[in-house]
Protein chains: 2
Amino acid sequence: MTLTQLRYLVAIADAGLNITQAAERVFATQPGLSKQLRHLEDELGLQMFSRSGRSLEAVTPAGALVIERARKIIDEAESIRALAANMRHESTGELRIATTHTQARFVLPPAIAKLKHEFPDVNIHLMPGGDAELLELLHRDEIDMAIMSGTSSPPSGYIAVPVFDWERVIMMPNTHPLTDVGDDITLSQLADYPLVSYESATSPDSSLRKAFAAIELAPRIACTARDADLIKTYVRAGLGVGILAEMAILPEDRADLELRCIDNLLPTCTTWILVRQDRLLREYALAFISGLAPQIERKKLPRMLNPDEPDQFPAPFHWRDLHGSNCPNS
Amino acid sequence: MTLTQLRYLVAIADAGLNITQAAERVFATQPGLSKQLRHLEDELGLQMFSRSGRSLEAVTPAGALVIERARKIIDEAESIRALAANMRHESTGELRIATTHTQARFVLPPAIAKLKHEFPDVNIHLMPGGDAELLELLHRDEIDMAIMSGTSSPPSGYIAVPVFDWERVIMMPNTHPLTDVGDDITLSQLADYPLVSYESATSPDSSLRKAFAAIELAPRIACTARDADLIKTYVRAGLGVGILAEMAILPEDRADLELRCIDNLLPTCTTWILVRQDRLLREYALAFISGLAPQIERKKLPRMLNPDEPDQFPAPFHWRDLHGSNCPNS
DNA sequence: CGCGTTTACGTCGTTCGTAACGATA
DNA sequence: TATCGTTACGAACGACGTAAACGCG
């Protein structure tokens, strides 16, 4: 059993049992992986994958157990490498962040700029995606951290660093009938108009749907997008009332769009940074986290990320307390 | 970085930074380990050990972190091998148990006989030792499990399976003055005579000493031994009153020795099986555990030993409830 | 001078890539 | 026929052990 064999094994598992594709991902040749897989299976005396003909069909129960442990091993090995790089005060490397559009476009830029300033030789890769995709990337270890939001508790199985709380606001053209209602708009009034919001609003357990369901109404979602800029475009086009994150509001939006805060209508969201357990982060990744979440002391961060001694994270700030309110009616 | 390098690294650490000795333990040559250590250090770009001249002096802080993770890795690798052997229903292997003399002599024999009957091809190694040595062996991964007892909670950092509860009894020659006192002997009466007990009684935080300290007396320990048979010998020789585990009483002891139960004088002891976390046990090791601790269902055992889902262990039986009482006065 | 580490060197095993082959949809 | 996995083979590398040299107590 070698580390290489285990790395190949999980690569094959992660590539959906396609050895050729797995070989590309680990920068090796397909026969190499085939042979190493066979060697591993010979040594352990059991098949990791069930075969039909020559191609891999499914992961065997035994294989699943082995893969699970193999992941831990390569995780720890990667941690050793990261640890060594940290000890050498190496300031080059990669930082792969998967996140939603709103975070990438409106929240992360200052933190990334700061990071680039402190660590100019770090390559930052931003990967946009929906929540499920982010978790999948994190699980497959293709990213260092995922940054995502939610109204309830964060997904388990990862370390979740609370970054900040935020509210949703509504947005409509100046000419929209709802502008005459005044400052305090209700959910039932909102239910009268088509809405434009994030893709996640289509999920039946989204906080938006649940809020409407609580008063026995259902929102009419005219269209959805992952992209806050697209939502604004459709709102401007008159497709409906936009519901989006307060971070997404730019000063110039106020020129032609009417904003309203609806803090009491929808639950507060929290943005988390998700990190794999037992994965040691590079120095610059820690710097990035504490740059994004200033309530967390930089030097306490390593201990907080250690799953063995679960130090509690401090309560996050509210976005508004740091960046001011975008709400004329609050 | 290879698994071999990591194995060599922890071997060197465990051998007290003596590469030659480490080489013997891993069945390799000393230059081989030297070179692999150097390669690892070169690749990681940092020294695992500080050198003075040509010999290793101490573990560097970075080295300690690496070794810690390396241990996890070889642990997981070992688990994969064990898992594979289990899946193949292989019934050969080694079971290395470190335990105290009392357990080995009076408690384990039936369980070991049963194990040998079920798995005739398993080699069982029993290693006697004091509590500290057992923990050290367990930490160094030279044994599969440690079986030891205590009155308070078990040592942390390991999985502790409670096996059974037991009491201490006192033992003296027929001619001893205390035999006239009657059934209810008190601590202050005991304090009048020299005692013979286990080595652990010399420790200032032993439950024996603490029990005496609670009534502001100190026991006079005439002599101590790890070995219950030795304690009996010295009691027979008239050196003092023996205090030992009720499991250590044999029927023939009643012929020339007087026994008394002192359940209310000293706290109840619990015997635990200690297992390393994240270490997968072989099938026969699980069979041994459930043979020793019948209150634990065999099929629930794997889940209970998984540190991720801490299933509670059932409360252990009392020794007496399974094996009858050795006490004339109870 | 003994103990322990390093260096040097030759051998052996293993890994890896290229290329050809085979099976499958 | 395109795709994917296996087999074959040769080259290169790396690991290992033996033997000798080096420092240190």
Side-chain angles (χ1 to χ4, degrees), chain A residues 1-60 62-63 66-67 70 73-74 77 80-81 84, chain B residues 1-60 63 66-67 70 73-74 77 80-81:
Chain A
M1 181 169 13
T2 67
L3 281 179
T4 309
Q5 287 170 352
L6 298 177
R7 231 182 55 235
Y8 288 177
L9 173 67
V10 310
I12 293 172
D14 283 344
L17 278 53
N18 180 327
I19 301 185
T20 306
Q21 194 180 329
E24 288 168 12
R25 290 198 197 173
V26 297
F27 304 105
T29 59
Q30 180 273 324
L33 269 75
S34 275
K35 176 161 283 199
Q36 292 307 316
L37 172 61
R38 179 160 302 268
H39 282 163
L40 182 62
E41 290 184 327
D42 287 349
E43 179 181 342
L44 296 183
L46 44 86
Q47 303 251 320
M48 303 293 136
F49 306 103
S50 61
R51 270 92 165 165
S52 92
R54 345 189 44 139
S55 68
L56 309 184
E57 274 299 297
V59 180
T60 62
V66 174
I67 289 170
I73 289 180
I74 57 181
I80 287 179
R81 275 186 265 268
Chain B
M1 178 168 16
T2 66
L3 281 179
T4 309
Q5 287 170 353
L6 298 177
R7 230 182 56 235
Y8 287 177
L9 172 68
V10 310
I12 293 172
D14 284 344
L17 278 54
N18 180 327
I19 301 186
T20 305
Q21 193 180 329
E24 287 168 14
R25 292 198 196 172
V26 297
F27 304 106
T29 59
Q30 179 274 323
L33 270 73
S34 274
K35 176 161 283 196
Q36 291 307 316
L37 173 61
R38 179 161 302 268
H39 281 164
L40 182 62
E41 290 184 327
D42 286 350
E43 179 181 343
L44 296 182
L46 43 87
Q47 303 252 320
M48 303 291 137
F49 306 104
S50 61
R51 270 93 165 164
S52 91
R54 345 187 42 133
S55 67
L56 309 184
E57 276 298 298
V59 180
T60 62
V66 175
I67 290 170
I73 288 179
I74 58 181
I80 287 179
R81 274 185 266 268

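Owing to the predicted nature of the structure, the values given are computational and were not obtained by experimental measurement. Hydrogens, waters and symmetry mates play no part in the numbers below; they use all other heavy atoms, side chains included.
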Requested in this report: Output the distance between atom CE (B/Met48) and atom CG (B/Leu40), rounded to the nearest 0.5 Å.
Outcome: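 Separation between the atoms: 5.0 Å.
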
N/O (side chain, [X]) to phosphate O (OP1/OP2, [N]) under 4.0 Å:
| X | N | result |
| --- | --- | --- |
| A/Thr20 | D/dG5 | yes |
| A/Asn18 | D/dT3 | no |
| A/His39 | C/dT14 | no |
| A/Gln36 | C/dC16 | yes |
| B/Ser34 | C/dT6 | yes |

Nucleotide [N], atom [atom2] - distance to [atom1] of [X] in whole Å:
| X | N | atom1 | atom2 | value |
| --- | --- | --- | --- | --- |
| A/Ile19 | D/dG5 | CD1 | C1' | 6 Å |
| A/Glu57 | C/dA25 | CD | P | 9 Å |
| A/Lys35 | C/dC21 | NZ | P | 17 Å |
| B/Arg51 | C/dT6 | CZ | C1' | 11 Å |
| A/Leu17 | D/dC4 | CG | P | 13 Å |
| B/Gln5 | D/dC16 | CD | C1' | 13 Å |
| A/Leu40 | C/dT15 | CG | C1' | 15 Å |
| A/Arg38 | C/dC16 | CZ | C1' | 17 Å |

Query raised in the report: With a non-hydrogen cut-off below 4.0 angstrom, is A/Tyr8 in contact with a base, only sugar-phosphate, or nothing?
Result: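 It contacts sugar-phosphate atoms only.
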
Query raised in the report: When you check the side-chain N and O atoms of B/Ser34 and B/Gln30, is any donor under 3.5 Å from an acceptor?
Result: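 Side chains of B/Ser34 and B/Gln30: pair found under 3.5 Å.
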
Report task. Taking atom types as modelled, find out whether B/Ser52 and B/Glu57 have a side-chain donor-acceptor pair closer than 3.5 angstrom. Result ->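 Present: a donor and an acceptor within the cut-off.
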
Query raised in the report: DNA chain C: B/Leu56 or A/Gly32, which has the more 5' nearest nucleotide?
Result: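 Result of the comparison: B/Leu56.
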
Query raised in the report: Of A/Thr2 and A/Ser52, whose nearest nucleotide on DNA chain C comes first from the 5' end?
Result: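 The residue closer to the strand's 5' end, by nearest nucleotide, is A/Thr2.
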
Requested in this report: Among the candidates D/dA15, C/dT18, D/dG5, find the nucleotide nearest to the side-chain atoms of A/Pro31.
Outcome: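 When the side chain of A/Pro31 is considered, C/dT18 is the closest of D/dA15, C/dT18, D/dG5.
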
Query raised in the report: Nearest to the side chain of A/Gln30, which nucleotide is it out of C/dT15, C/dC16, D/dT6?
Result: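 That would be D/dT6.
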
Query - Shortest non-hydrogen separation from A/Ile67 to A/Ala13 and the atoms involved - result: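 For A/Ile67 versus A/Ala13, the nearest heavy atoms are CD1-CB, 3.7 Å.
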
Query - Reference residue A/Gln5; test side-chain contact (heavy atoms from CB on, under 4.5 Å); the match among A/Arg38, A/His39, A/Lys35 - result: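 Exactly one pass, corresponding to A/His39.
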
